[in-house]
Number of protein chains: 2
Amino acid sequence: MRPPGSARGPRPTSVARVPGIDYDVLDTLLGYALRRAQIAAFDAFYRATAGHGITPPRFTALVIVGANPGLSQTVLGRVLGIARSGAMLLTDWLVRRKLAERRPHPEDRRSWGLFLTLRGESLLADLKRTVRAHDGQLGGTLTETQRRTLLRLLRQLAE
Amino acid sequence: MRPPGSARGPRPTSVARVPGIDYDVLDTLLGYALRRAQIAAFDAFYRATAGHGITPPRFTALVIVGANPGLSQTVLGRVLGIARSGAMLLTDWLVRRKLAERRPHPEDRRSWGLFLTLRGESLLADLKRTVRAHDGQLGGTLTETQRRTLLRLLRQLAE
DNA sequence: CTTGATTGTTGTATAGCATTACAATCCGCC
DNA sequence: GGCGGATTGTAATGCTATACAACAATCAAG
């Protein structure tokens, strides 16, 4: 049984193929291959951040706030592709964990500037290391060249 | 206002990069590139299936049932990587839309065999065409060779 | 025939969003 | 300088897609 408030994070979905099943057209679709690959990536991410309650959007938020101190919640939401209300909930979570803080924006009294706390900086540094390590292992069977090719093609795909 | 039961499907998340933002380490992570690419792929899928209320898992379910008639809900769940209860809800949706039906399994009175209806077969044929077309356009700027390379690398990544 | 596993089902809970509405504030224009 | 429209954060509400646990019916193995 899971204590409701504990840092647990989501459970990774299985990526294993079921033997004896015909996957038909799915095997020719980029979209489906992307989904499977992303499940594997999520699995690696989950292992890297186990126990911290960190999810991909939360990690992204930490990185973005860390690299762009003082940005507003609205901008954070746009970066993450979520609504303002969602960006606020996400920020609430970071603030509650004392990883980030809202400071009054010097030039706009409607908005906050977001900053990492020392604790946030430190956690982010740790996370960057482990996430990068697990992301590297992700292409376990991929050579460094293949990895770079994949990265380039993915980026090109997303325009 | 959305009529609750209408076929509407989820809204695609934006994939656009926000100018003036430093994405820091994210740009070196396969996991992040995968996420962005998948958003683009989902967008293409959404356009392909607009108005049918079809989501990726539903499409996958249609394809799998179509190519493996008579399979059970439990197996369908395993293929999709979801719990049995979820597979049941998904099946309920297909049955309600008269796209699939449950027939008593000849050898196991606990389970159902899943089959597409004629309507399901026909919709699936349509969907395969449009989804494949949009999936092809997905790599708009990708050459056919690049597309095949990407597919191969993605498959290798997911083992 | 009994014991343990499996299947579908139901009920309950949760996370993660969206949508809408609102007050405070900003900005451009008269 | 003041007014109207846009923008910001926030709150309230709701939905969707999942999970998990518990249950009866059924199967399978000894």
Side-chain angles (χ1 to χ4, degrees), chain A residues 1-14 35 39 42 46 53-61 65 70-97 100-114, chain B residues 1-14 35 39 42 46 53-61 70-96 100-114:
Chain A
M1 185 184 311
R2 287 164 164 180
S6 75
R8 65 189 190 288
R11 229 206 28 185
T13 317
S14 160
R35 179 179 138 74
I39 290 174
F42 183 81
Y46 178 75
I54 294 290
T55 59
R58 285 170 189 164
F59 174 71
T60 305
V65 174
L71 89 171
S72 74
Q73 290 181 187
T74 298
V75 172
L76 178 62
R78 253 202 298 274
V79 173
L80 293 171
I82 61 180
R84 282 199 324 272
S85 54
M88 185 222 166
L89 262 27
L90 188 48
T91 305
D92 277 353
W93 189 90
L94 296 176
V95 170
R96 214 176 314 123
R97 296 291 190 293
E101 57 187 18
R102 296 184 236 241
R103 299 189 204 153
H105 194 289
E107 292 169 2
D108 189 337
R109 264 178 302 174
R110 290 172 302 179
S111 59
W112 304 102
L114 302 181
Chain B
M1 185 187 311
R2 289 164 163 178
S6 76
R8 66 185 187 290
R11 229 207 26 185
T13 317
S14 160
R35 180 179 136 74
I39 290 174
F42 183 81
Y46 179 74
I54 294 291
T55 60
R58 284 170 189 165
F59 174 71
T60 306
L71 90 170
S72 74
Q73 289 181 188
T74 298
V75 172
L76 178 62
R78 253 202 298 275
V79 172
L80 293 172
I82 62 179
R84 267 175 318 156
S85 52
M88 187 224 163
L89 261 27
L90 188 48
T91 306
D92 276 353
W93 189 90
L94 295 176
V95 169
R96 213 175 317 121
E101 57 187 18
R102 296 183 236 242
R103 299 190 204 154
H105 194 290
E107 290 168 3
D108 188 338
R109 265 177 303 172
R110 290 172 302 179
S111 59
W112 303 102
L114 301 181

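Chain naming here is simple, since letters A, B, ... match the order of the sequence lines and numbering starts at 1 in each.
Whole-Å rounding puts the A:W93 CH2 to C:dG16 P distance at 10 Å. The CD1-C1' distance, from B:I82 to D:dC20, rounds to 14 Å in whole Å. When the P atom of D:dA25 is taken as reference, atom CD of B:E107 falls 23 Å away, rounded to whole Å. As rounded to whole Å, 5 Å separates atom P of D:dC27 from atom CZ of B:R109. Note: CG (B:L89) to P (D:dT18) measures 10 Å, nearest angstrom. Separating the CG atom of B:D92 from the C1' atom of C:dG8 is a distance of 10 Å, rounded to the nearest angstrom.
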Filtered N/O pairs between nucleotides 1-3 of chain C and protein, under 3.5 Å:
none

Original post:
What string of B, S and - do you get for nucleotides 2-9 of chain D, 5' to 3', when a contact is any protein heavy atom under 4.0 Å?
Top reply: -----BBB

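In this structure, the separation between CG on A:L76 and CE on A:M88 is 13.0 Å, given to the nearest 0.5 Å. Distance check, rounded to the nearest 0.5 Å: OG1 of A:T55 to CG of A:L90 gives 7.0 Å.
Across all strands, A:A83 comes closer than 4.0 Å to base atoms (heavy-atom distances).
Applying the salt bridge (charged side-chain N to carboxylate O under 4.0 Å, His left out) criterion to B:R109, with sequence neighbours excluded, gives no partner residue.
Under 3.5 Å, the side chain of B:S85 and the base of D:dC20 form at least one donor-acceptor pair of N or O atoms.
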